[in-house]
Structure formats: structure tokens, C-alpha cells
Asker: 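Sharing a structure, written as C-alpha cells. Questions coming.
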Amino acid sequence: VPPPVAPANPVVAAVKKAGASSVFQVAAVLFTVGLLAQVISAFRVGSFLDRIFDFINTLSDGEMTYELSSFRHEFGFDLLDVIGSTLTGMMLFLLIPTILLCVGVWLFHLAAKNNNEPLLRTTGLSILNGVSIFQLILKALSALGVLVSVVLILITGAAARNGDAMAVAVGVAIVPLILYVPVLALSIAYYVSAIKAIGAVKRAVATGQRLPQISAFLPVMNILYAIGSLVGVAFTGGWGVLAGLLNGTAMVLVSVALFNFRQAARQEQYAQQQALYPAPQVPYAPQPAPPVEEETTF
């Protein structure tokens with residue numbers, strides 16, 4: 001086994017320390033198990049549809065069984081199987097960014113733990129940056145979709161003959177879209193912040209310059225996402241509960257790792273300032289001894 005090699009410079013050492021920390025490692029494990037739970041949940045959509053079918057079939061006194069049997073006899077396939085397979089495929093497709101995120105996290109963590117190279121491989125960071133850019137594009141398209149929807153709703157309401165009824169309908173349709181705008185704006189700002197932070201870390205590793213000062217907005221938003229994931233557990237079931245709990249906990253741990261990295265960046269910046277502008281040394285001058293008072297006797 002070759003002996004460990006010292007990092008190329010203090011910047012690489014600090015980034016390696018953050019990526020190899022036990023906090024980041026536990027977060028990577030939780031992300032992975034949470035992803036596995038999401039994959040299992042996707043493959044169990046069929047059984048979930050079967051339970052819904054049994055419930056509706058009981059309420060309809062077997063009418064659903066008759067309708068599905070007629071459909072299978074006419075078209076030659078089971079409608080529930082087609083719907084279940086389609087939903088499973090869609091869920092797995094939507095998990096592609098999460099899979100890439102998990103791969104990027106592990107590659108960064110393993111590169112940070114590699115003590116046989118003085119530099120840090122940034123493949124994992126590049127994958128994380130690519131996922132962030134992809135998510136930013138999706139959020140931008142969502143913002144465009146919200147804008148188009150609001151315009152179309154307003155045009156439809158203006159062209160309607162029954163003004164009162166259409167005004168109510170427009171209000172019901174447009175209020176949720178308006179409420180979604182702040183959430184969408186925070187999501188866009190989050191991914192912009194993530195792209196800037198990852199790019200700054202990659203440049204610092206490549207150049208050996210001082211550590212970037214990551215904005216506190218990024219870990220704070222991670223905690224908010226974690227809270228949202230934990231709250232969403234109440235509206236899911238089965239493997240979705242496990243995935244929500246694990247992902248929420250992992251996001252909190254990533255925030256802890258980011259706060260630790262911010263603290264290391266501040267300490268490194270202070271050390272550099274002290275090296276460039278050392279405090280003036282006051283020369284020591286020996287002081288004369290105080291006079292000895294003579295005792296007076298009476």
C-alpha cells in the first residue's frame with residue numbers, strides 16, 4: 001500500500017476534508033438508500049393501482065371487474081397493467097437527475113478520501129454542476145409555463161360572456177399559480193447559487209487560490225427543502241415515507257457540511273490576511289526596577 005500523499009495546497013486539503021468528512025459520508029449513504037426506496041416505490045405502483053381498483057370495485061358492486069373484462073376481451077390487454085407500467089416508466093425517468101446526483105456525490109466523496117493523489121478529481125463536482133444546470137432549465141421552463149398559463153387565463157376571462165362566473169373561475173385557477181411563483185423563484189435562486197458555489201470550488205481546486213465563501217443561502221435552502229420533504233411524508237405511504245425521511249435527513253447533513261466548509265473558508269481567509277499583513281511587533285524594552293523604599297524606624 002503506497003503511503004498517503006499530502007494535498008497539493010491548503011485549498012485542496014480543505015476541500016478534501018469537507019468531502020471526506022463523516023457528515024458528508026452519512027449524507028451520501030442516506031441519499032443512496034433514499035434513492036433505492038424511490039425506485040422500489042416506482043415498481044410498486046401496480047400493486048397500489050390494484051388496491052384502488054379493489055376499493056372502487058367494492059363500492060360499485062363488481063361493476064369495475066365487468067368493465068375491465070370487457071376491455072381486455074375487446075383490445076387484448078389489461079388496462080391496469082398498461083397504466084401501471086406507464087407510471088413506473090415515468091417515475092423512473094423522473095429519477096434520472098436524482099440518480100446522477102447520487103453518482104456525483106459518491107464520486108466527490110471517494111475523490112476526497114483518496115490520499116494517494118495530491119490533487120482532487122472534480123468529476124463528481126462536474127456531474128453535480130450538470131444536474132444543477134438541468135434543474136435550473138426545468139425551473140425556468142416551469143416559470144415560462146406559469147406565465148403563459150396566467151396570460152391565457154386572463155385572455156379567456158376577458159373574452160367570456162358570463163363575467164361573474166368566469167371571474168370566479170379565473171380567480172380559482174390563477175391564485176394557485178400566483179402562490180407558486182415565490183416557490184419557483186426560490187428554486188431558481190437555489191440552483192443559481194449551487195452552480196456558482198460548485199464552479200467556485202472547482203476553480204479554487206484548479207488554481208490553488210483561496211477558498212470560496214459560499215453563500216449561507218445554499219445551506220439554508222437545503223434545510224427548507226428537507227423540511228418540505230419531511231412534511232411530504234404525511235401525504236405518502238409505504239416506501240415513499242422512507243424515501244422522504246432519508247432524503248430530508250441527508251439534506252440537513254449536507255447543510256451541516258456546507259456550514260463547516262464556510263467556517264474553514266473564513267479561517268483560511270483570516271490566516272492569509274495575517275500572513276500578508278502581520279501585526280506590528282512592539283519591541284521589548286527592559287523597564288527599570290522600581291525604587292526600594294527604605295523603612296523608617298522611630
Asker: Roughly how far apart are Ile96 CD1 and Leu101 CG, rounded to 0.5 Å?
Answerer: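 Taking CD1 in Ile96 and CG in Leu101, the distance rounds to 13.5 Å.
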
Asker: More than 12 heavy atoms of other residues, nucleotides or ligands under 6.0 Å from NZ of Lys17: yes or no?
Answerer: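 For Lys17, atom NZ is not crowded (no more than 12 foreign heavy atoms under 6.0 Å).
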
Asker: Please enumerate all residues that pass side chain to side chain donor-acceptor pair (under 3.5 Å) together with Thr123, with sequence neighbours excluded.
Answerer: none

Asker: Which pairs would a plain distance check flag for residues 179-193, meaning a side-chain donor or acceptor within less than 3.5 Å of a matching protein atom at least two apart in sequence or in another chain?
Answerer:
unit_1	atom_1	unit_2	atom_2	d
Ser187	OG	Val183	O	3.0
Ser187	OG	Tyr225	OH	3.1
Tyr190	OH	Asn222	OD1	2.6

Asker: Between Thr88 (side chain) and Ala42 (backbone), is there a donor-acceptor pair under 3.5 Å?
Answerer: yes

Asker: Counting only pairs under 3.5 Å, give me each side-chain donor-acceptor contact of residues 241-252, with atom names and distances, residues two or more places apart or in other chains.
Answerer:
unit_1	atom_1	unit_2	atom_2	d
Asn247	ND2	Ala243	O	3.1
Thr249	OG1	Leu245	O	2.8

Asker: What pair of heavy atoms forms the shortest contact from Leu107 to Ile127, and how long is it?
Answerer: CD1-CD1, 3.6 Å

Asker: When rounded to the nearest 0.5 angstrom, what is the spacing between CD in Gln135 and OG in Ser142?
Answerer: 9.5 Å

Asker: Apart from Phe134 itself, what residues make up its hydrophobic cluster when side-chain heavy atoms of I, L, V, M, F, W and Y under 4.5 Å apart count as a link, directly or indirectly?
Answerer: Leu138

Asker: So which atom in Ala197 and which in Leu218 form the shortest heavy-atom distance, rounded to 0.1 Å?
Answerer: CB-CD2, 4.0 Å

Asker: Hey, what do you get for CE (Met221) to CG (Leu258), rounding to the nearest 0.5 Å?
Answerer: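 Taking CE in Met221 and CG in Leu258, the distance rounds to 13.0 Å.
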
Asker: Distance from Ile195 atom CD1 to Leu136 atom CG, nearest 0.5 Å?
Answerer: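 Ile195 atom CD1 to Leu136 atom CG measures 4.5 Å (nearest 0.5 Å).
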
Asker: Atom NZ in Lys202, atom OG1 in Thr122: separation rounded to 0.5 Å?
Answerer: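 Separation between the atoms: 5.0 Å.
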
Asker: Of all heavy-atom pairs between Ala112 and Ala20, which one has the smallest distance, and what is that distance?
Answerer: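 Smallest interatomic distance, heavy atoms only, reads CB-N, 3.6 Å.
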
Asker: Kindly write out the residues that satisfy side chain to side chain donor-acceptor pair (under 3.5 Å) with Arg203, not counting sequence neighbours, or none if the list is empty.
Answerer: none

Asker: Which heavy atom of Val23 sits nearest to which heavy atom of Leu253, and what is that distance?
Answerer: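 Minimum heavy-atom separation between Val23 and Leu253: CG1-O, 3.3 Å.
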
Asker: Using a 3.5 Å cut-off and no angle test, enumerate the donor-acceptor pairs between side-chain atoms of residues 24-36 and protein atoms at least two apart in sequence or in another chain.
Answerer:
unit_1	atom_1	unit_2	atom_2	d
Thr32	OG1	Ala28	O	2.8
Thr32	OG1	Trp106	NE1	2.6

Asker: Compare every heavy atom of Ile198 with every heavy atom of Ser132, then report the nearest pair and how far apart it is.
Answerer: OG-CD1, 4.2 Å

Asker: Show the nearest heavy-atom pair for residues Lys16 and Ala111, with the distance to one decimal.
Answerer: CE-O, 4.1 Å

